[in-house]
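Read the structure below first, then the notes.
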There are 2 protein chains.
Amino acid sequence: MNIGQAAKQSGISAKMIRHYESIGLIHSSARTDAGYRTYSQNDLHTLRFIKRARSLGFSLESIGHLLSLWQNQERASADVKMLAQDHIQQLNTKIRELTEMRDVLLTLVEGCQGNHRPECPILHGLEAGPNCSAAS
Amino acid sequence: MNIGQAAKQSGISAKMIRHYESIGLIHSSARTDAGYRTYSQNDLHTLRFIKRARSLGFSLESIGHLLSLWQNQERASADVKMLAQDHIQQLNTKIRELTEMRDVLLTLVEGCQGNHRPECPILHGLEAGPNCSAAS
DNA sequence: CTTGAGCTTCCCACAGTGGCAAGCTTGATA
DNA sequence: TATCAAGCTTGCCACTGTGGGAAGCTCAAG
């Protein structure tokens with residue numbers, strides 16, 4: 001199967017497949033005499049694994065670790081679990097940060113008339129600092 | 001005040017202040033004869049505005065809009081409000097995505113023994129796709 | 001006058017993805 | 001068989017926002 005087919009079937013763009021190869025995330029695929037990359041079902045399996053890991057927000061670096069654990073029959077599930085928990089932590093941190101931002105913004109927006117006049121608590125908030133008293 | 005002072009007092013690194021100037025987010029500051037950038041209280045005010053907008057997650061592009069509204073005495077608060085609401089939307093979308101990722105991962109992690117043995121539901125989940133039945 | 005801190009510009013890096021261009025291959029059709 | 005479109009190749013540039021470093025100038029204090 002050529003790269004276009006592999007892209008369609010894995011959900012990863014051809015561009016990205018080449019990129020993943022270039023950074024060593026996946027092994028260099030086989031090539032035809034003309035130099036076309038060819039992909040086996042096994043390769044496809046790996047690409048799908050990557051696709052799903054990406055969709056859970058793992059970084060390419062973490063995915064590298066996950067792949068090597070996946071392919072290592074002697075792995076300890078504890079190692080995988082640690083990676084996953086670590087990522088959950090990061091997700092929670094990010095979620096918390098974004099939620100705080102949103103809540104501050106919501107407060108500001110609620111106070112804003114949103115009319116034709118220039119008076120605007122949102123701008124005042126940015127000026128004075130919503131977190132001015134609460135440090136930064 | 002030199003750029004170093006401005007950086008300390010605004011919380012934006014000197015590096016970034018120069019960058020913001022280079023992309024036109026802020027006006028080019030005054031210079032001494034020797035070519036050193038100098039910043040007034042007014043400039044500092046602007047930098048702090050940017051700092052706070054950044055801390056609420058606004059993109060530099062949006063901050064450009066916010067700045068011009070801020071400096072325009074004839075703005076309509078409705079315009080500011082729209083920008084803010086738009087950003088809240090984006091934050092909510094992101095929060096939702098990350099939360100979904102986290103929840104899927106939590107489910108996988110719960111099923112994993114996390115011991116010395118290779119059997120690992122997390123890897124199975126990545127293989128088969130946690131969202132395999134639920135589309136992607 | 002020397003020294004060290006601070007400033008200048010310019011280039012490189014990161015993660016992850018997209019786009020474009022020049023040139024070759026492949027397969028089908030006229 | 002000649003040709004044409006679609007698909008492949010590599011390579012370079014873009015984005016966002018930030019940091020690092022180098023080479024060289026300036027300023028203030030000793």
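Everything numeric in this text was worked out from a predicted model, so none of it was measured. Chain letters run A, B, ... following the sequence lines, proteins first and then strands; every chain starts at 1. In what follows, every heavy atom counts, from backbone to side chain, and hydrogens, waters and symmetry copies are set aside.
One atom, CD1 of Ile17(A), and another, C1' of dT10(D), lie 16 Å apart when rounded to the nearest Å. If you measure from atom OH of Tyr36(A) to atom P of dT10(D), you get 11 Å, rounded to the nearest angstrom. Asn2(B) has its CG atom 5 Å from the P atom of dC7(C), to the nearest Å. Computed from coordinates, the Glu21(B) CD to dC7(C) C1' distance equals 13 Å when rounded to whole Å. For the pair Gln5(B) CD and dC7(C) P, the computed distance is 8 Å after rounding to whole Å. Rounded to an integer number of Å, the gap from His19(A) NE2 to dT9(D) P is 16 Å. Note: CD1 (Ile23(A)) to P (dC14(C)) measures 10 Å, nearest angstrom. If you take CD1 of Ile3(A) and P of dT25(C), they are 17 Å apart, rounded to a whole angstrom.
For Lys15(B) and Leu60(B), each mapped to the nucleotide of DNA chain D holding its nearest heavy atom, the one lying further toward the 5' end belongs to Leu60(B). Taking the nucleotide of DNA chain D with the nearest heavy atom to each of Asp33(B) and Lys8(A), the more 5' of the two is matched to Lys8(A).
OP1 or OP2 of dG18(C) has at least one side-chain nitrogen or oxygen of Ser13(A) nearer than 4.0 Å. Here Arg37(A) reaches the OP1 or OP2 of dT10(D): one of its side-chain N or O atoms lies under 4.0 Å away. OP1 or OP2 of dT17(C) has at least one side-chain nitrogen or oxygen of Tyr20(A) nearer than 4.0 Å.
Taking 4.5 Å as the limit, some side-chain heavy atom of Arg102(B) sits within range of a side-chain heavy atom of Ile95(A). No side-chain heavy atom of Arg117(B) sits under 4.5 Å from any side-chain heavy atom of Arg75(A). Glu119(B) is listed as a side-chain neighbour of His124(B), based on a closest heavy-atom distance under 4.5 Å.
Thr32(B) comes within 4.0 angstrom of nothing in the nucleic acid, heavy atoms only. Counting any heavy atom pair closer than 4.0 Å across all strands shown, Arg54(A) reaches sugar-phosphate atoms only and no base atom.
Nearest to the side-chain atoms of Arg31(B) among the listed nucleotides dT9(C), dG16(C), dC8(D) stands dT9(C).
Note on ring orientation: taking the six-membered ring where Trp is involved, the planes of Trp70(B) and His45(B) are tilted (angle from 30° to 60°).
In summary, Arg37(A) and Glu21(A) engage in a salt bridge, as defined by a charged side-chain N under 4.0 Å from a carboxylate O.
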